[in-house]
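The structure appears below as C-alpha cells.
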Amino acid sequence: MGIFDGQVVIVTGGGAGIGAAASHLLASRGAQVIVADVVKSNAEAVADAITKEGGKATARELNVADQDGVQKFIDGVVKEFGKIDAIANSAGIVGPTNTPLEKITAVDIEKVLSVNLLGAIWLTQAALPHMKGAKYGRIVHVASIAGKEGNPGMTPYVLSKSAMIGFVKAIAKEVATEGITINSIAPAVIKTPMNANTSEETLKYMISRIPMGRLGEAEEVAEMISFAVSKACSFTTGFCFDTSGGRATY
C-alpha cells in the first residue's frame with residue numbers, strides 16, 4: 001500500500017507476537033522497520049523474514065527497562081537512518097497470574113513495572129527531542145484491557161498497564177502542539193507466546209469476558225497499530241484504542 005514509504009519505524013518487542021505481526025505489516029506498507037527485542041535472535045528472525053518478503057527491516061537487541069540503553073539505541077537509529085518517524089512499543093511481560101495480592105512481592109511488581117511502564121517512559125523520553133526537531137512523530141504503546149478493567153490475580157500487570165495508559169494521556173497533551181501524537185492500545189487476551197505461561201484459569205476468565213468468545217489475533221492488533229503510527233492519525237492523541245472483541249466499548 002506504500003502508506004509508510006520513506007518512513008523509519010521502530011517496533012519494540014518485535015521478535016514475537018504482536019510486535020512481530022506489526023513489523024511485518026508496517027514493512028509490507030513501505031516502512032523501514034527496526035525490529036527491536038530483548039532476544040536478538042528473535043528480532044533477527046523477524047527481520048530476515050521481512051527482507052525475504054521484499055521489505056526493509058533490520059534487527060537490534062534492546063532491553064527497554066535500561067534507560068541508558070534505550071537512549072543509546074534511539075540516538076543510534078537516528079544516526080544511522082537520519083530520523084525516527086514512529087515507534088510501536090509492544091515490549092512487555094505478564095508477571096504472576098492467578099496469584100492473590102498477599103503472595104505478590106516487591107520484586108514481582110518492580111520487574112513488571114520496569115519493562116511495561118518504565119520502558120514506555122524511557123522510549124518516549126528518548127524519542128521526543130528528535131520528533132520535536134522534525135515537528136512530526138507517532139508513538140503507540142501497547143497497553144491492555146486489563147489496565148482499563150482489571151483482571152484478578154494479575155496485580156503487577158494490571159498496575160503497569162493502567163499506569164501506562166495514564167502516562168500516555170499526560171505526555172500526549174504535553175506535546176500536542178508539536179506535530180506528535182501519542183496513543184495506547186488496549187487488547188484483550190491475544191494469541192501470542194506472551195500468554196504461553198498464563199494459567200488456564202486466568203485465560204478462561206479473560207475469554208469469558210470477551211463477547212466474541214475467542215482470543216484475538218496478533219494481526220488484528222497490528223492493523224490498529226498501523227493506523228496509530230500513520231500520518232492518518234493526525235487528530236487523535238492521548239487516546240486508548242481498544243481491540244477487545246467487545247469487552248470494552250468506552
Side-chain angles (χ1 to χ4, degrees), residues 1-14 18-19 21-37 43 47 50 55-60 62 64 67 69-91 117-143 164-186 221-241 243:
M1 294 172 64
I3 61 174
F4 290 97
D5 284 351
Q7 293 199 28
V8 176
V9 182
I10 293 170
V11 181
T12 62
I18 292 170
S23 295
H24 278 277
L25 183 62
L26 296 169
S28 75
R29 294 176 176 174
Q32 165 65 62
V33 178
I34 292 86
V35 184
D37 201 280
I50 289 171
K56 295 175 288 185
T58 184
R60 295 289 186 273
L62 177 65
V64 297
Q67 184 181 14
V70 168
Q71 186 68 62
K72 291 176 182 176
F73 164 76
I74 292 293
D75 291 344
V77 170
V78 173
K79 183 176 181 179
E80 182 175 353
F81 296 96
K83 61 176 181 172
I84 295 172
D85 294 290
I87 297 175
N89 172 36
S90 68
L117 175 60
L118 295 183
I121 294 173
W122 305 148
L123 283 163
T124 306
Q125 181 186 67
L128 281 182
H130 301 290
M131 291 181 171
K132 286 180 178 180
K135 297 296 288 183
Y136 178 85
R138 299 285 183 266
I139 300 175
V140 63
H141 296 292
V142 178
M164 177 196 279
I165 292 170
F167 164 69
V168 165
K169 290 178 182 294
I171 192 61
K173 292 180 179 181
E174 189 174 311
V175 299
T177 60
E178 302 281 355
I180 302 165
T181 67
I182 305 176
N183 294 289
S184 61
I185 292 180
V221 184
E223 287 286 355
M224 189 68 79
I225 289 172
S226 178
F227 169 71
V229 298
S230 73
K231 290 181 179 180
C233 187
S234 57
F235 199 57
T236 302
T237 195
F239 187 63
C240 183
F241 294 93
T243 51

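A quick note: this is a predicted structure, and the numbers were derived from the prediction, not measured. Heads up: numbering here begins at 1 and tracks the sequence.
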Over all heavy atoms of both residues, which pair between Thr181 and Ala228 is shortest? Give the atoms and the distance, please.
OG1-O, 4.3 Å
Salt-bridge test for Glu80 and Arg60: reply yes if a basic N is under 4.0 Å from a carboxylate O, no otherwise.
yes
So, taking the atom named SG in Cys233 and the one named CD1 in Ile139, what distance separates them when rounded to the nearest 0.5 Å?
12.0 Å
Hey, are Thr124 and His141 close enough side-chain-wise for a donor-acceptor pair under 3.5 Å?
yes
Carefully, step by step, assess Val64 and Trp122 under the rule side chain to side chain contact (heavy atoms under 4.5 Å, CB included).
CA-CA 7 Å; Val64 297; Trp122 305 148; over 6 Å; no
Roughly how far apart are Ile10 CD1 and Phe81 CZ, rounded to 0.5 Å?
9.0 Å
CG of Asp5 to NZ of Lys56, rounded to nearest 0.5 Å, is 6.5 Å
Please name the pair of heavy atoms, one in Ala186 and one in Cys240, separated by the smallest distance, quoted to 0.1 Å.
CB-SG, 3.5 Å
How long is the straight-line distance from CD1 of Ile165 back to CG of Asn183, given to the nearest 0.5 Å?
11.5 Å
What's the spacing between Asn89 CG and Ile121 CD1 if we round to 0.5 Å?
11.0 Å
Are Phe4 and Val33 side-chain neighbours, meaning at least one heavy-atom pair lies under 4.5 Å?
no
Do the non-hydrogen side-chain atoms of Thr58 and Val35 ever get within less than 4.5 Å of each other?
no
Is Lys231 close to Gln7 at the side-chain level, that is, under 4.5 Å between some pair of heavy atoms?
yes
With no hydrogens and no angle check, do the side chains of His130 and Asp75 hold a donor and an acceptor under 3.5 Å apart?
yes
According to side chain to side chain donor-acceptor pair (under 3.5 Å), who are the partners of Ser226, at least two apart in sequence or on a separate chain?
Arg29
Strictly by salt bridge (Lys or Arg N to Asp or Glu O under 4.0 Å), give each pair with a member in residues 121-140 just once, sequence neighbours left out.
Lys135-Glu178
Reported OG1-to-CD1 distance for the pair Thr243 and Ile225, which is rounded to 0.5 angstrom:
8.0 Å
Is there side-chain contact between Ile18 and Val221, with at least one heavy-atom pair below 4.5 Å?
yes
Considering all heavy atoms, the nearest Val11-Ala22 contact
CG1-CB, 4.4 Å
pair Leu62-Thr12: side-chain heavy atoms closer than 4.5 Å
yes
Would you tell me whether Gln71 and Gln125 have side-chain atoms, one donor and one acceptor, within less than 3.5 Å of each other?
no
Could you pull out the closest heavy-atom pair between Ala126 and Pro129, with the gap in Å?
O-CD, 3.5 Å
When every non-hydrogen atom of Ala27 is compared with those of Ile50, the smallest separation belongs to CB-CG2, 3.4 Å
Do Ile87 and Val77 come close enough that some side-chain heavy atom pair is under 4.5 Å?
no
Ile74/Leu128 under side chain to side chain contact (heavy atoms under 4.5 Å, CB included): CA gap, chis, key distance, verdict
CA-CA 10 Å; Ile74 292 293; Leu128 281 182; over 6 Å; no
Is any side-chain heavy atom of Ile180 less than 4.5 Å from a side-chain heavy atom of Ile171?
no
Considering all heavy atoms, the nearest Val9-Ala31 contact
CG2-CB, 3.9 Å
Begin from the C-alpha positions of Phe73 and Ile34 and carry the test side chain to side chain contact (heavy atoms under 4.5 Å, CB included) through to its verdict.
CA-CA 11 Å; Phe73 164 76; Ile34 292 86; 4.0 Å; yes
Could you walk me through whether Val78 and Lys83 satisfy the side chain to side chain contact (heavy atoms under 4.5 Å, CB included) test, starting with their C-alpha distance in whole Å, then the side-chain angles of each, then the deciding distance to 0.1 Å, before giving a yes or no?
CA-CA 5 Å; Val78 173; Lys83 61 176 181 172; 5.8 Å; no
Does the side chain of Phe241 come within less than 4.5 Å of Ser184's, by heavy atoms?
no
